[in-house]
2 protein chains.
Amino acid sequence: MTMKAMEHAKPLLNYIRKHVTLSEEEEVFLCSKIDYRKYLKGQYILQQGDISTTQCFILSGCTKMFFVDNDGQEHIVMFSIEDWWTSDLGSFVSQTPSDFNVQCLEASEVIQFPYETIESLFEGIPKLERFFRKIIEQAFVASQKRIIQNFSLSAKERYQLFHSKYPQIEQRIPQYMLASYLGFTKEFLSKVKKELLKP
Amino acid sequence: MTMKAMEHAKPLLNYIRKHVTLSEEEEVFLCSKIDYRKYLKGQYILQQGDISTTQCFILSGCTKMFFVDNDGQEHIVMFSIEDWWTSDLGSFVSQTPSDFNVQCLEASEVIQFPYETIESLFEGIPKLERFFRKIIEQAFVASQKRIIQNFSLSAKERYQLFHSKYPQIEQRIPQYMLASYLGFTKEFLSKVKKELLKP
DNA sequence: AAAAAATAGTAATCTAGTTTAATATTTTAC
DNA sequence: GTAAAATATTAAACTAGATTACTATTTTTT
């Protein structure tokens, strides 16, 4: 592992420090097990049908995770930006073909945890296993919350919620992708935004 | 801990053995940290607004987890039966008031992991932390899958999927609760079932 | 700077699912 | 075993959001 790799990992280490405390040796060991990589806008980190071989931590940029249904329609499941994760966890943990694509909406820098090294990482740094458990707990809670909101809120209310909760994301993505994420059509989002402006 | 407690924990230990291997001392230690308890039909394991103090493993019976929205409408988030878990994980891990209720649809026997002992459990048996990570991974993947299905499938298709995937659950719960879980009205479910019978 | 491609807006028509309201059936309680 | 409560069915009227099809605007490419 190079000095460069340690340099790239800084935002990740800061992020991990919010959850668990690692010794300096542990941080060095961690950095020896992970990869840094850049993607161009439009490039795929993962494609539907492939097995997810890494967990990605995003240093810079923005990605969408989506799947294409039987009618050829694209459905966006999540957006990820700096200091968050992306990958199909289901495919990663079971090493089976993924239902999802992950594509970069901007040029992006990521840190990748390869499947082959993650078990040895957990063995070497048990605190890291606790860290991952907490990250997954967070993701699960967010996922549950999303199910609830889709059930109990109207399309308009879902948009308003996203708008107030993630203004930085809304500014970075095209509107038609937001509509896909929120579960309705781009035409309807146009209508909703117009209504919200006039009263 | 009594002999009785070990006896009650058997289905849980069998379940855990599918994921990780514990030594006999570890199994005894685990049993010393958990509680067995019975609930009557209709009783609440958790109420909206309370802090979730336990993770529940179900030995027998059936529960629903639901929340009541601002319009007073009940939305069912999940059903749990034998050999599965229930509780509001978000409330449990952050020890904040829950958005959910968990109510028994049948008389139920459960094993409870209290919040105060779960950290010491993980310290004493690190393999158990791995086990919980895997369980949460599973739950997260299932939750993601549900979001996808709600977006890409029609109400009719969602019913068909549930019907073929969880026939044992469908038989144990009233239809109007299934409609709530699937995200549409009981009247519409009646209509869908009728359509599916005739062709 | 022009052309092409991508994104956004508008409006009419259509439909999956809701609402309301009433009746029928099954389960539970005494 | 009967009354009451809970659950299920049906059907007409209604609505949130989809579809279609076209125009306007913004961004990217050359």
Side-chain angles (χ1 to χ4, degrees), chain A residues 40-43 61-62 64 66 68-76 79 103-107 147 149-163 169-199, chain B residues 40-43 61-62 64 66 68-76 79 103-107 147 149-163 169-199:
Chain A
L40 298 174
K41 180 174 174 174
Q43 278 192 305
C62 178
K64 65 171 172 177
F66 67 101
V68 179
D69 70 18
N70 296 331
D71 305 335
Q73 260 226 300
E74 187 176 312
H75 298 273
I76 296 179
F79 299 107
Q103 189 182 17
C104 295
L105 300 178
E106 303 170 2
I147 290 177
Q149 285 162 359
N150 285 329
F151 275 144
S152 58
L153 302 181
S154 68
K156 191 175 182 171
E157 289 168 326
R158 271 177 277 149
Y159 168 68
Q160 287 179 296
L161 193 66
F162 189 95
H163 176 77
I169 298 184
E170 191 179 355
Q171 280 159 20
R172 285 164 81 166
I173 58 173
Q175 225 180 87
Y176 71 94
M177 287 189 194
L178 177 54
S180 167
Y181 173 81
L182 293 173
F184 49 80
T185 61
K186 55 192 192 318
E187 291 84 358
F188 193 69
L189 181 51
S190 259
K191 204 164 151 183
V192 162
K193 286 182 82 170
K194 195 176 157 194
E195 274 174 33
L196 287 172
L197 282 174
K198 55 174 167 180
Chain B
L40 297 174
K41 181 173 175 175
Q43 278 192 305
C62 178
K64 65 171 172 177
F66 68 102
V68 179
D69 71 18
N70 296 330
D71 305 336
Q73 259 227 302
E74 187 176 312
H75 299 274
I76 295 179
F79 298 108
Q103 189 181 17
C104 295
L105 300 179
E106 303 170 2
I147 290 177
Q149 285 161 0
N150 285 329
F151 275 144
S152 58
L153 303 181
S154 67
K156 191 176 184 173
E157 289 168 326
R158 271 177 278 150
Y159 168 67
Q160 287 179 297
L161 193 68
F162 189 96
H163 176 77
I169 298 184
E170 192 179 353
Q171 281 160 19
R172 284 165 82 166
I173 58 173
Q175 227 180 86
Y176 73 94
M177 288 190 192
L178 178 53
S180 167
Y181 174 81
L182 293 173
F184 49 79
T185 60
K186 56 195 192 317
E187 291 83 359
F188 193 70
L189 181 52
S190 259
K191 204 166 153 183
V192 161
K193 287 182 82 171
K194 196 178 159 193
E195 273 174 34
L196 287 172
L197 282 175
K198 55 174 167 180

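Residue numbers start from 1 in every chain, and the chains themselves are labelled A, B, ... in the order their sequence lines are given, proteins ahead of strands.
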* Does A:Phe151 have any ring-ring contact (aromatic ring centres under 6.0 Å, His included) partners at least two apart in sequence or in another chain, and if so, which? -> none
* Asked: With B:Tyr159, which residues qualify under ring-ring contact (aromatic ring centres under 6.0 Å, His included), at least two apart?
  -> B:His163
Run the side chain to side chain donor-acceptor pair (under 3.5 Å) test against [X] and tell me which residues pass, sequence neighbours left out.
X	result
A:Lys156	A:Glu195
A:Gln43	none
A:Ser154	A:Glu157

* Asked: Which salt bridge (Lys or Arg N to Asp or Glu O under 4.0 Å) pairs, counting each pair once, include a residue from residues 170-188 of chain B, with sequence neighbours left out?
  -> B:Glu82-B:Arg172, B:Glu106-B:Arg172
* Sub-4.0 Å heavy-atom contacts from residues 173-184 of chain A onto DNA chain D, ordered by number -> A:Gly183, A:Phe184
Going by the rule side-chain contact (heavy atoms from CB on, under 4.5 Å), which residues pair with [X] if we only count those two or more places apart in sequence or in a different chain?
X	value
A:Lys64	A:Phe66, A:Glu74, A:Ile76, A:Phe79, A:Gln103, A:Leu105, A:Met177
A:Leu161	A:Gln149, A:Leu153
B:Ser190	B:Gln175

* Just how far, in rounded Å, is C1' of D:dT10 from CD of B:Glu195? -> 13 Å
Report all interatomic pairs (protein N or O, nucleotide N or O of nucleotides 13-15 of chain D) with separations under 3.5 Å.
none

* Asked: Going 5' to 3' along DNA chain C, which nucleotides are the first and last within contact of chain A (any atom under 4.0 Å from a heavy atom)?
  -> C:dT7 to C:dA11
* Asked: Is there a donor-acceptor contact under 3.5 Å from the side chain of A:Asp71 to the main chain of A:Gln73?
  -> no
